Amino acid sequence: MTVHEDAVLRYFAAWNTDTAEERTKAVAAAFTEDATYTDPLAEVRGHEGLAAVIGGAREQFPGFDFVPTGTPDAHHGLARFTWDLVSRADGSAPVAGFDVITLAGDGRISSVSGFLDRLPGA
């Protein structure tokens, strides 16, 4: 497994946590302490901000998981990948997007630029 693939796996592990305790650990494993996350709906920095954004998404979409689609494309310290937000109950995927991550020297994510391709009601 490449450093990029490992980072993407840890990224999804953080986004798919169900409890605040799990989320705190997963965010620390996936992101640097001063990591930034920016998408059309949020702009945060640091573990606390990341955990809050992830927790908000989990509250808004209970019973859903972020699932990678396709294969990450990566070079140097960058990777981009697509994902769907998939219902565990019926397999529907009301939200989809792609993210671009930058890796720090230790393999954790230092920044995320997120883009939303599909939203409910859009």
Side-chain angles (χ1 to χ4, degrees):
M1 177 178 308
T2 69
V3 66
H4 301 94
E5 292 167 333
D6 185 53
V8 171
L9 286 176
R10 285 183 281 117
Y11 180 83
F12 282 104
W15 277 93
N16 287 325
T17 55
D18 286 322
T19 69
E21 183 178 342
E22 290 174 342
R23 192 166 304 118
T24 297
K25 291 177 184 175
V27 165
F31 299 93
T32 61
E33 289 78 7
D34 63 345
T36 60
Y37 177 89
T38 306
D39 73 14
L41 305 174
E43 184 174 19
V44 298
R45 176 181 294 275
H47 289 175
E48 214 172 279
L50 285 155
V53 166
I54 293 168
R58 303 298 298 166
E59 287 175 16
Q60 186 176 1
F61 293 97
F64 283 75
D65 291 315
F66 288 88
V67 177
T69 58
T71 303
D73 184 24
H75 63 82
H76 298 85
L78 299 170
R80 67 178 176 167
F81 51 90
T82 56
W83 51 266
D84 285 341
L85 183 60
V86 179
S87 169
R88 292 179 206 150
D90 65 11
S92 64
V95 182
F98 81 91
D99 295 340
V100 178
I101 60 173
T102 303
L103 302 184
D106 66 0
R108 291 186 298 163
I109 299 165
S110 62
S111 71
V112 179
S113 298
F115 298 84
L116 301 173
D117 296 326
R118 183 174 61 243
L119 290 170

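None of these values were measured; they are calculated from a predicted model.
Grouping Ile, Leu, Val, Met, Phe, Trp and Tyr by side-chain contacts under 4.5 Å, direct or through others, puts F98 with V100, F115.
Under the side chain to side chain donor-acceptor pair (under 3.5 Å) criterion, S92 pairs with D90, not counting sequence neighbours. Shown here are the ring pair (Phe, Tyr, Trp, His ring centres under 6.0 Å) partners of F81, two or more places apart in sequence or in another chain: Y11, F12. Not counting sequence neighbours, D99 has no partner by the salt bridge (Lys or Arg N to Asp or Glu O under 4.0 Å) test. Take R80 and apply the side chain to side chain donor-acceptor pair (under 3.5 Å) test, not counting sequence neighbours, and it matches D73. Applying the salt bridge (Lys or Arg N to Asp or Glu O under 4.0 Å) test to R10 and every residue at least two apart in sequence or in another chain returns D6. Taking the salt bridge (Lys or Arg N to Asp or Glu O under 4.0 Å) definition, one finds that E21 meets it with K25, sequence neighbours left out. Qualifying side chain to side chain donor-acceptor pair (under 3.5 Å) partners for S110, counting only residues two or more places apart in sequence or in other chains: none. Listed by chain and residue number, Y37 satisfy the side chain to side chain donor-acceptor pair (under 3.5 Å) test with D39 (two or more places apart in sequence, or in another chain). Remark: E5 engages no residue in a salt bridge (Lys or Arg N to Asp or Glu O under 4.0 Å) (not counting sequence neighbours).
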Can you give me every donor-acceptor pair (side chain of residues 43-51, partner residue at least two apart or in another chain, under 3.5 Å) with its distance?
residue : atom : partner : partner atom : Å
R45     : NH1  : D34     : O            : 3.1
H47     : NE2  : F31     : O            : 2.8
H47     : NE2  : T32     : O            : 3.2

Taking distance alone, no hydrogens or angles, what donor-acceptor pairs closer than 3.5 Å link side-chain atoms of residues 63-71 to residues at least two apart or in another chain?
residue : atom : partner : partner atom : Å
D65     : OD1  : R88     : NE           : 3.4
D65     : OD1  : R88     : NH2          : 3.0
D65     : OD2  : R88     : NE           : 2.9
T69     : OG1  : T82     : O            : 3.4
T69     : OG1  : T82     : OG1          : 2.5

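Of the possible donor and acceptor atoms, none in the side chain of R118 sits under 3.5 Å from a partner among the backbone N and O of D84. Counting only distance, with no hydrogens or angles, the side chain of R23 and the backbone of A52 share no donor-acceptor pair below 3.5 Å.
The shortest heavy-atom contact between A14 and A26 is CA-CB, 3.6 Å. Counting all heavy atoms, side chain and backbone alike, A79 lies closest to A74 at CB-CB, 3.9 Å. Taking all atoms of both residues into account, the shortest heavy-atom contact from A7 to G107 is CB-O, 3.7 Å.
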side-chain contact (heavy atoms from CB on, under 4.5 Å) between L103 and I109, worked out: CA-CA 4 Å; L103 302 184; I109 299 165; 4.0 Å; yes
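Of the inter-residue distances, the one linking R58 atom CZ with L85 atom CG reads 7.5 Å to the nearest 0.5 angstrom.
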